[in-house]
Every structure is written in structure tokens, then in C-alpha cells.
2 protein chains.
Amino acid sequence: MGSLDSDRTMSPKLTVELLRQLRLAMKSCKYLAEPLQAYIVPSGDAHQSEYIAPCDCRREFICGFNGSAGTAIVTEQHAAMWTDGRYFLQASQQMDNNWTLMKMGLKETPSQEDWLISILPENSKVGVDPWIIAADQWKNMSKALSSAGHSLVAVQDNLIDAVWQDRPPRPSTQLMTLGLELTGMSWQDKITALRAKMRERKISWFVATALDEIAWLFNLRGSDIEYNPVFFAYTIVGMNTIRLFVDLKRLANPAARVHLQLDSPSRPELSIQAFPYESAYTELQAVCASLGPKDKVWICDKAGCALTQVIPKPHRSQIPYTPLCLAKAVKNSTEIQGMKIAHIKDAVALCELFAWLEKEIPKGTVTEISSADKAEEFRSQQKDFVGLSFPTISSVGPNGAIIHYRPLPETNRTLSLNEVYLIDSGAQYRDGTTDVTRTVHFGTPSAYEKECFTYVLKGHIAVSAAVFPNGTKGHLLDSFARAALWEAGLDYLHGTGHGVGCFLNVHEGPCGISYKTFADEPLEAGMIVSDEPGYYEDGSFGIRLENVVLVVPSKPKHNYRNRGSLTFEPLTLVPIQVKMMNLDMLTQKERDWVNHYHAQCLETVGAELKRQGRKEALEWLIRETQPIV
Amino acid sequence: MGSLDSDRTMSPKLTVELLRQLRLAMKSCKYLAEPLQAYIVPSGDAHQSEYIAPCDCRREFICGFNGSAGTAIVTEQHAAMWTDGRYFLQASQQMDNNWTLMKMGLKETPSQEDWLISILPENSKVGVDPWIIAADQWKNMSKALSSAGHSLVAVQDNLIDAVWQDRPPRPSTQLMTLGLELTGMSWQDKITALRAKMRERKISWFVATALDEIAWLFNLRGSDIEYNPVFFAYTIVGMNTIRLFVDLKRLANPAARVHLQLDSPSRPELSIQAFPYESAYTELQAVCASLGPKDKVWICDKAGCALTQVIPKPHRSQIPYTPLCLAKAVKNSTEIQGMKIAHIKDAVALCELFAWLEKEIPKGTVTEISSADKAEEFRSQQKDFVGLSFPTISSVGPNGAIIHYRPLPETNRTLSLNEVYLIDSGAQYRDGTTDVTRTVHFGTPSAYEKECFTYVLKGHIAVSAAVFPNGTKGHLLDSFARAALWEAGLDYLHGTGHGVGCFLNVHEGPCGISYKTFADEPLEAGMIVSDEPGYYEDGSFGIRLENVVLVVPSKPKHNYRNRGSLTFEPLTLVPIQVKMMNLDMLTQKERDWVNHYHAQCLETVGAELKRQGRKEALEWLIRETQPIV
């Protein structure tokens, strides 16, 4: 599934008064030594999270637009907001006429830098919250502004917060501890492995700012951000010390205290010092004040500018992916086992859903929203269910062609025997995270719908069955997913796959399968990604076929230079609707793949359905996994 | 074909005395205000040419290693030379023990910067010829050295030239003028088109330093560099002026004077001012002294540092590909017609060669070298033959596994009925440039040789027959060439294709098909690239199958978002040996492709063989293009 939005309303937010207040703040000596001529409001939070908590929705607060990507800039005279093609319509509906929508990707749209330079008076100061802007973005913006005689200024007090009367508090949900039976590796061993990497690269300190990396490192989970089982924190790991910055109230939880050995550390170098969340800055300053001449500090190049700049340049080692990000991506056998179990439970829920839909749709009472709710209900019946891993994309007919669709009361369509239904959904279980898309027809699909579905299926199989050398980067596989569509003159305008966390974020780095991503790391056995080609016919229907797949060693006939080979094993085990396939378009190899996949679904999910006594779903599964010839 | 070397000898060059002299020069006030602690000797010439003239082989002169890629650095105590895996063996054989071979790509090998920093005394000066080092390389090296307290110094007099007693003079061959019947576009129209691009991007001046761009722009050719029909020159184009920097003696040639309208320009803005080759620097200085505050000067980011730095930074607009490079890559209909004719003539020569080889090999008298010579002889019989486009790779058995092999007397192997023969060769004709590789067996290939050949063939067809959307970059097609090999656990460690010039360099940007190249420009109809997957079994045999292919529009069933589709049309028309194929491994589609391709070879090349009265070659062609079933 793609990137997601929080709930949308489509009427514009009135911002006259807010902008007036913000512009006052931009001149106020309460916050600033010198007045600002412009203020930048980025999308993210201080951890560069993809999904953010309500208290961090500052760009939405100031302009009304609540899509996942967008940057607002307010000057003395103007207010403008940049977003991409997915959101042009939504943004134009959510912003009032105090705002200019800057459509990124169109030739005539200026970049933020160019726009600022074209309208700012000479020698202007442009402010931004240094916690929220990533270090690499700061660098680019600062360079562009300086070259035109302006300057980018770090404003410590966030000026949106200053005018945001009823800003929600930062969430501080209960911490959940995960034992070895779920993680396969204690946090102590993860720290030791991290330090080994640091030693190898002659690094003395490591600063972690990404929430999923910190959750993974300490085998802790929270629910501070919807769909993402993470909690707000920073971590600084030295060779002998571990500093954890978190709302200290959370550590009153006895389970967490025991888990982190806060009261009786086994060894001094594995003793965790807990600090308030807000003190990361001053503590990092203290760490940096004591650095030896050769000491180096690791920090991700996408980390916030504030913390990054605390580290003196000669000591700063900025890296595209942290060792935690890389270690987290390669799942150990316990995590793989957990992911497998989570996917079987998830398949049970989806078999129930599809059996239920077959029965209910003819009554004309099932809508996109009620179907999504039903899917959640079935999932919630499964053991260790925690919540959804992203808002369900449940879309009928033309709504399916909107890639980032999420049903709203005003767009909600009824499922029928006449239209294609696309459902992209997933859940968080304590043992794993799921993400699956199926496209089905409950009546008789048209020849064209079947044709397109079959191209997408061919692409899905081409990736899933691909054999490739160890060390291959995912982007080299992207064209396999498109070849059949391309041959017919079709395509889809999104990537083919993303990394998937284990009871963590449904989108994670550093690997993926996309024509766009060139900074991806090579695929390795144990990594988990999605395989989700699609086809979208505007105004008519959408098709996507998504499995989560595990990278596994493959043993082809030869072994060139002893490099070894890899392939994928599907973790998702939900039948692919045969009714949607044009079997004549499939090669024998592809038919064999479908039959083998369906046999796996039947065997593995069938056994679980039987165990759970879910007869109707089992009957549905048996019917849907009949071999094709 | 890959990158190439000039003639090799394999005994080490004795460099004690040369190094002593160079180190003296590094301290001499004749060349320097302050002594240097290190001097860098890059591979290239002042035009960043891939192939260089003998007078520019400075790195070879100082260390003995004459491969196409390598950088030498000499300090007061050390001398080291960095090259890549293709050349480890050759470099170790050609350099004496005054030199340390730095094997790039190995973990333990330091980068040039790191090595310098690790051995230089504090506050050192590192010299380099600013004409030869590319601007982007200067920037990186300078930054790294400064951060360690050293500095990179531009040394105007080349210190290798200072110690090179018998350095050959810079070539100044006769200029050849090309008329509209070969170029399809006058140089005046090319200048006008260039100025339109400049106007569009608000650029006032353009500096051309790449030799093939200048040759293309003026519809002139030379033979200053072997295999490359170019001549040493620079060009500065303004909105009303054209400056050409070239050895002025060459312009005494009446044909060139008329062609360039030197004596009677049609319009003042199309009047060419000729300057000596050496005065590009001072003239560019004069141009830059007169720049208005908003004037911008275009220069390629890979151009030499000396000229680049003449342009004041606020006026400098550095681009990865110049408008000439982009325009040159898209061939017009006259150029395409010329390339087609050149490839038919080239095919005639190769049919003759293979017919001759079949007859001669059983006698045991044909060697790699004599076969290459025979190929050249047959090519030279064709109309408008100018020379080879690169040194022929003619390799038998295990020599075929050396990707950049070129037969030498001491490696020369005899062609036989028992070993695979790989020949990668091409020529320059006045109407076009060719580059073709065929792998054949004159006896009975082994099952394994056939298996590998067939994987390579499947990859070749997968690229050649691929349909893809307009705007697709070539690197997205690279995996198609490898899929069949990967499935069997095999691979090849080079790219799949490069751009090919039209009676110009056999390697040209900005497009290509490679897993490595991410800076390539999208493929467009009219571009010409090679399609050359391979497989190399060390110590045993090499397989490569290369056609030059033209990007052409394709009309698949659908047309998503009106983007249009592209595919390839083979220009190379030389049969692919059916004897080497395992037909059982081919799909029906692949067999159809082979039959269709062979039918084209027979029809087009057959007609020309008949016209030229080459009976034996025609018989061979008819036999080799029999349809497979």
C-alpha cells in the first residue's frame, strides 16, 4: 500500500486569522532576535516519521491540507503550499484563497527556493524549526538562500505551536515489552552488535532519531502514532553508555523497568540512563563537548537538523542508512516465524471477509466502509491483534483507480456484482505486520478487466519468481513487474514494493523495488518487501495485486563466482481470484506458479481455518484454490 | 565492445630515473611558486576523451601501465597507481617495483584521497594539471584535501611533459567536411538549434570541450585520435558569435574554408572566428570579463577544471549533458539512413569473413590476429570505409573469457574446430559507425557452451524485443538482458549497452543500458545503442552477442496516458549461429524473433552481396539464415 492520510474533510479551512497571528509571531521579539520575512512549515515530525501524531500536524493546522506530503511557506505577503500530483485536488479543496497551491512536478511551478528568492526583499531571513527540517534539506535550502543574499534561520520555538491554541499534547502511550520469543534477540545483544559495527567503522557514538529504529533496538513498542507501534524517543549509544530520552512517566511501568534492567543492570556498559525526551539536545551537547580529536559520531543524513548540527562537523559522520536500519531490515528466524504466523492469521481474516462478501453483496448492503470495517472485525478476532497497519483502502469501480483512495462518507460506494473491488489492507499483530491487496469481481468481469488483471498478475509473478544474484538491489527488479504491461502499452505510476517491518512500520527502508529508488541497499536473505504491481484505468477501475514476500536463498543450476542466488517466498497466503484471469494469456510457467501458490494457501491457511472452526471461509478457500489447467 | 587499450607490452617499464626527474620538477621554481609534496597524473586528455592521442598518454609514460583507466600519484617517497579489476594483471606486469598497484574495488584499497591524507606531511600541496582533471573530480579531491589541512594546486605546466624528452607532437590531421547528404543538418542549423536551447534556458554562452560534440556540431571529422574521427578543438558559442579554437594550419584547407564559410559568411551571427587551439583559455577569460550580471555560461560538469574555473561561479551553469550531446544522440533520418547503409556494408564484410573462416580454419592456419586482419581487409573493401571503430577483439577459447582481450603475438591462439570463437569488431564508414559481436563454433559446441549461449541469446532478444514507455531510461532495461542467466545462477560483469555515434565515437552518451548508470537520459526514438549481453567462463570460453539497435516508436494494443511506446530495431544484420543454440530452451516467441531477424539479414544483406557479386558469402548467408522450427 502507498502512503496514507489521516481523516480528510474537503471544505477549506479559514486561515485569515491564523496567518495574521503567525505573521505577528514572525516579528515578535519573544521568539526572535530579528524579524523573519518568511517561515517554512515542513510536513514531518522531529523523527522524520512518515505518519505523524496529531500534535505534529503543523502544516495541516496552518493551511488545512492534510495529505501526507506538503510544505507550507508563509511570507509577509504570501502563503504557498507545495505538494505533488496525488494531492492537487485534495489540497485545492482543503485550502482557502489565502493560500497558493504549488503543484510540484509541473514545469511552471517554481521550487521553494526559487519562489522565495523571486519574492523576498533583499537580505531576508527565512525561519524554520530545526528539529523538523531534515539535515540534508536544511543544507540545500540554506545554500540556495545564501547564494541569493538571504539566510536560513533556525527558530528554536516552533511558531505554529506559538499560535496553536488547542494543540493536542504529545502522546505518551504505555510501553509494550517484547520478549525473546517474539524478537529473537535481546536488546542487550542488539546494542553489542551495534557497538561491534561502530568499532569496525571507528565510530565512538551513535545517535538514533528514527522511532522504529529505537523501538526495534529496545524490543519495546508503543502506540504514539496511529498504525505505527512506536513511541517518541531518542537514543545516544556510546561504547560504554546508553542514553534513552523518553517521557520518564512511561518508565514507571514495572514491566518496562524490568525489561530495560533499569534497577539492576547486568553490566555497566549495558546500563540504560533514562533522560526526559526534551533533553536529547543538551545531552548530545555534553557528549560532544567531551569528544576526543578522533571521535566520530554517527547520525542518519535524514535526521533532524537540530541534533545533527550539535555534532561539530569534523566529528559528524552522516550516513544514508543507520546500522540499526540495516540490521532491522534483515529479519532473524524468530521474526520470520512471527511474520509467517501473522500472515496466516491475516489470511484467515481475509478468507472470512471474502466468504462474507460473496454472501452479502447480492443484498446490496455492503459499502466500501462497511467492508473495510468487516475486514478489521475479522482481523481483530485473531490472536495478538494490535490494530491496523494503515487505513484500509477499500474501493469499488472508479474509486479503485485512485491509488491513495480511502473511503469517506461522501465517496462511499456500494459493492455490487458489476464492478471490480480492490482492497488493500493490513494489520499489526504482536508477532508481525501484514499488508495485502486483492482485486476481485463478484459478478462477471469484462474481457478488458481480465486482460489488465492478467498483465498485473504476470508482473507480480515475474518479481515473485525472479532469481537474482546476491547483492542485487531491488530497483533492478522493478521492470520485471512492468514488462507485460509495457508490452501492451500500459503501466502504473508507483513503485513495485517497499520494505515491511516486523510488528513495526509497514513501510521501512533500506530496501524496496522501484524505478525511482537508487539509494536502496542490496537485497539479502531475511529481508521482507512487498510485491505490488497494479493498473489503474481512470474513472473506471483499479487493479493491484500485493503479497508480502521474504527474500530467501535460491539454488539454481549454476553458481557464478560463488556469489549465490536469491529469490522470494510469499508470506501472504490469500488466493488470487482465478475468475479475474485470462488463462490464455498465461504461460505454463505462470500457471504452475498460480497452482503452486494456491496449493500453499490451501494447505497452510486451510489447516488454520479448520483449527479455528471457520467452515464457510474454509469452503471458500477450497473453492478459490482449485488448480487451473 | 568495451573500453579499449592501445598496444600493450607486458614487461615492466623502468621508472627510477623518470621518477627522480619528476620529483625534481615537483620542487622546481621553474614551474612552481612552492614545492609540491604530491603530483597527480590522471588518465585523460584536456577533452576528457575515452581514447587519447599518444601525446596525452602521460600516465602510461610515467608508470608504464597503458590500460584505458588509471590514475597515478607520485609523492616524495611513494608512487602509486589506481586501476580497476579489468587491469590488475596487466598493470602489475607493466609497472616496475617503484610503483604500488592500488586495486580499486577491493575493501582494503584506500581511495586516492585517503591514501594521500594518510601519508602526506602536514599542510601539503598536491599538484595536478587543471586541464586534464575534470571539474567534478577537482572539486571532490580539493574538498577532501582541504578538510585534512592540505591543498590541491593547479599546476599550469604539465610536469610529465616537462620530463618527457621525446613526447610526440599533438596530431593535426586533415579535416574532412561532411555534406548534408551525410549529416542531414547543416552546421548553421545546428548552431541555430543550440541557440534556441540557450535562449529557452536563458543561457548566453556555451563552451564545448568534448571532441565528438565539436566534430558533430561543425559536420567536420579528423583523425587525431585512433578509431575516433575527431580533431582537437574547443568552441565557444554566444548568441551572435562562434569561436572555434583549432590548429589554424588546418583551416588552410580550401574545402574546410568553404564548408565553414570562413571567407564569406552568410550572416554575421553565423560567422566563425577561428583562433589557435591554445587560446581557448584567454578568449574565454575575455568573454567572461564582458558578462552582464545575469549572463550564464553553459559548460559540461565533466569538462576540464581549467576552463570551468575561468567562468566566475555566479555565471557558471554546469550540466551533466550538454545540448550538443543530447542533440547528437538523437539521429535524424539522414543519419539513420547512413547508419543502416554502413551496417549492411559491415554485414557484407562479416559474411565474407565467416565464409572464409569456415574454409580456412580446418587448415589450422588462422589465428586470432590473422582473423582480425582479414575482417579489416574485408571491411576496407566496402565503400566509404575510413578505419576501424576500435581494436578488434578476436578471441578463441579461454581468451574469450577476458572481456577486454586484444590478441597480442604472445597470446595469439589458432582458431580450431574445438573452441568457441568470439569476435567483437566495428568500423568507421563515412556514413556510419558499426560495432558487432558474434560468437561461433566451427566444430561441435558442447552442451554447456550451447546452454550458456542460449541464455545470452534470450537476454539479447529480451532487450531487443522489449516494448517500453516513452521516457524510460535505459538502465531500467538492463535486467531483461540478465533474467535468463540469473535464473540459471549465471551473470556477466559489464553493462548491456552503450550509445553509438554516427561516423563518430563508438561509445557516446547520454544513453546506455547498464545496472551501473543512473545518470543516463531517457531513451528516445532515433537514439542508437548496443545490445550486448554475454557470459564468460574463466579459463574456458566467452560468449557475447551484440547488435547495434535503433530506438523506434512501437504501437502496442493500448496507449496509457498517451505516452506512446518505444522498442528497438536491429541495425546490425549478421546471422546468429543456430548451431550454438539449444533450441529446446527457446520459447516460440524467441524462435519467431530469430527467424524474423534472419529473414531480414537474408533479404537486406543478401541483396547487397548479390549486387557486389560475393557468391560464397551469399551462399554462407543463405545457409546460416535457414528458419528454425
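Chain letters run A, B, ... following the sequence lines, proteins first, then strands; residues in each count from 1. Below, each value reflects all heavy atoms present in this structure, side chains not excepted, and no hydrogens, waters or symmetry copies.
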Between A/K557 and B/E487, is there a salt bridge with N-O shorter than 4.0 Å?
-> no
Going through the checks in order, is the side chain to side chain contact (heavy atoms under 4.5 Å, CB included) test met by B/W486 and A/L477?
-> CA-CA 12 Å; B/W486 282 356; A/L477 308 179; 4.0 Å; yes
Is the distance between the ring centroids of A/Y560 and B/Y492 less than 6.0 Å?
-> no
Is the CZ atom of B/R563 crowded by more than 12 outside heavy atoms at less than 6.0 Å?
-> yes
Heavy-atom pair of closest approach, residues A/G489 and B/S565 | CA-OG, 3.9 Å
Check whether A/T472 gets within reach of chain B through its side chain, its backbone, both or neither, counting any heavy atom under 4.5 Å.
-> side chain
Heavy atoms only, distances under 4.5 angstrom: which of B/T587, B/L490, B/L485, B/D478 has the most pairs with chain A? Name it, please.
-> B/L490
Cut-off 4.5 Å, heavy atoms of chain B, and the answer for A/E451 is side chain
For residues A/P556 and B/A488, report the shortest heavy-atom separation together with the two atoms involved.
-> CB-C, 3.6 Å
Is the shortest side-chain N to carboxylate O distance from A/R561 to B/D491 below 4.0 Å?
-> no
Chain A heavy atoms under 4.5 Å from B/F480: which part of the residue, side chain, backbone, both or neither?
-> both
Hey, would you say the B/H558 and A/Y448 ring centroids sit under 6.0 Å apart?
-> yes
Identify which part of B/A466 has an atom lying under 4.5 Å from any heavy atom of chain A, answering side chain, backbone, both or neither.
-> neither
Are more than 12 heavy atoms from other residues, nucleotides or ligands located less than 6.0 Å from atom CD of B/E122?
-> no
